Amino acid sequence: QVQLVESGGGSAQAGGSLRLSCAAGAVSTCMAWFRQATGKEREGVAAVGVAGSTRYADSVKGRFTISQDNAKRTLYLQMNNLRPEDTAMYYCAARRVGCIPASLHYNYDYWGHGTQVTVSS
């Protein structure tokens, strides 16, 4: 069992930035961020895989950056140029096994409890 604990959520103005962190109980080479807005289905945001490969949802490309610090067992999501439509609960996820390439379509085994991001216009 891998415990995942997200932090860094909060409120921001449109155009602002936030940095989410996900502290993991163990290193995983296949991790991702997902989000779920009220009344909507969960959607993938960004994923990182073996050798640092990454994937992004089209809606966040060029604005969000996923990164991983294995020494700290921490996954990050740098979110810039935020938009009101980025408002959602953000979840960290991890797989038991590594993945090549990174993908938002794998079945992730472990999930955090989420951190809320609210962007106002």
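FYI, the numbering just counts along the sequence from 1. Predicted model only: the values in this text are computed from it and were never measured.
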* Within 6.0 Å of CD in Gln116, more than 12 heavy atoms from elsewhere ->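 Enclosed.
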Does a side-chain heavy-atom distance below 4.5 Å link [X] with [Y]?
{"X": "Gln78", "Y": "Leu20", "value": "no"}
{"X": "Leu77", "Y": "Val45", "value": "yes"}
{"X": "Trp33", "Y": "Phe64", "value": "no"}
{"X": "Arg35", "Y": "Glu43", "value": "yes"}
{"X": "His105", "Y": "Arg55", "value": "no"}
{"X": "Thr87", "Y": "Val117", "value": "no"}
{"X": "Tyr90", "Y": "Met79", "value": "yes"}
{"X": "Met31", "Y": "Cys22", "value": "yes"}

Is it true that a side-chain atom of [X] and a backbone atom of [Y] form a donor plus acceptor pair closer than 3.5 Å?
{"X": "Asn70", "Y": "Arg73", "value": "no"}
{"X": "Gln68", "Y": "Ser28", "value": "yes"}
{"X": "Ser53", "Y": "Ala102", "value": "yes"}
{"X": "Gln36", "Y": "Met89", "value": "no"}
{"X": "Trp111", "Y": "Ala94", "value": "no"}

Where [X] and [Y] come nearest, the two heavy atoms and their spacing:
{"X": "Cys92", "Y": "Leu75", "value": "SG-CD2, 3.9 Å"}
{"X": "Ala12", "Y": "Leu82", "value": "CB-CD1, 3.9 Å"}
{"X": "Ala14", "Y": "Ser121", "value": "CB-CA, 4.2 Å"}
{"X": "Ala23", "Y": "Thr74", "value": "CA-OG1, 4.4 Å"}

* Determine, for Lys61 against Asp58, whether the closest basic-nitrogen to carboxylate-oxygen distance falls under 4.0 angstrom. =>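 Yes, charged N to carboxylate O under 4.0 Å.
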* Asked: Distance from Tyr76 atom OH to Ser21 atom OG, nearest 0.5 Å?
  ->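 Spacing of OH (Tyr76) from OG (Ser21) equals 5.5 Å.
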* Out of curiosity, Asp86 CG to Thr118 OG1, how far, rounded to the nearest 0.5 Å? ->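 With rounding to 0.5 Å, CG (Asp86) is 11.0 Å from OG1 (Thr118).
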* Mind running side-chain contact (heavy atoms from CB on, under 4.5 Å) on Tyr108 and Cys30 for me, showing each step along the way? => CA-CA 9 Å; Tyr108 286 84; Cys30 190; 4.1 Å; yes
* Arg42 to Tyr91, cation-pi by 6.0 Å centre distance and 45° axis angle ->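 Verdict for Tyr91: no cation-pi partner in Arg42.
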* To do: Could you check Gln1, Arg95, Arg96 and say which one makes a side chain to side chain donor-acceptor pair (under 3.5 Å) with Tyr110?
  =>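 Exactly one pass, corresponding to Arg96.
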* **ILVMFWY cluster, Val119 and Tyr56 together (side-chain gap under 4.5 Å)** =>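 As far as the 4.5 Å side-chain criterion goes, Tyr56 and Val119 are connected within one cluster.
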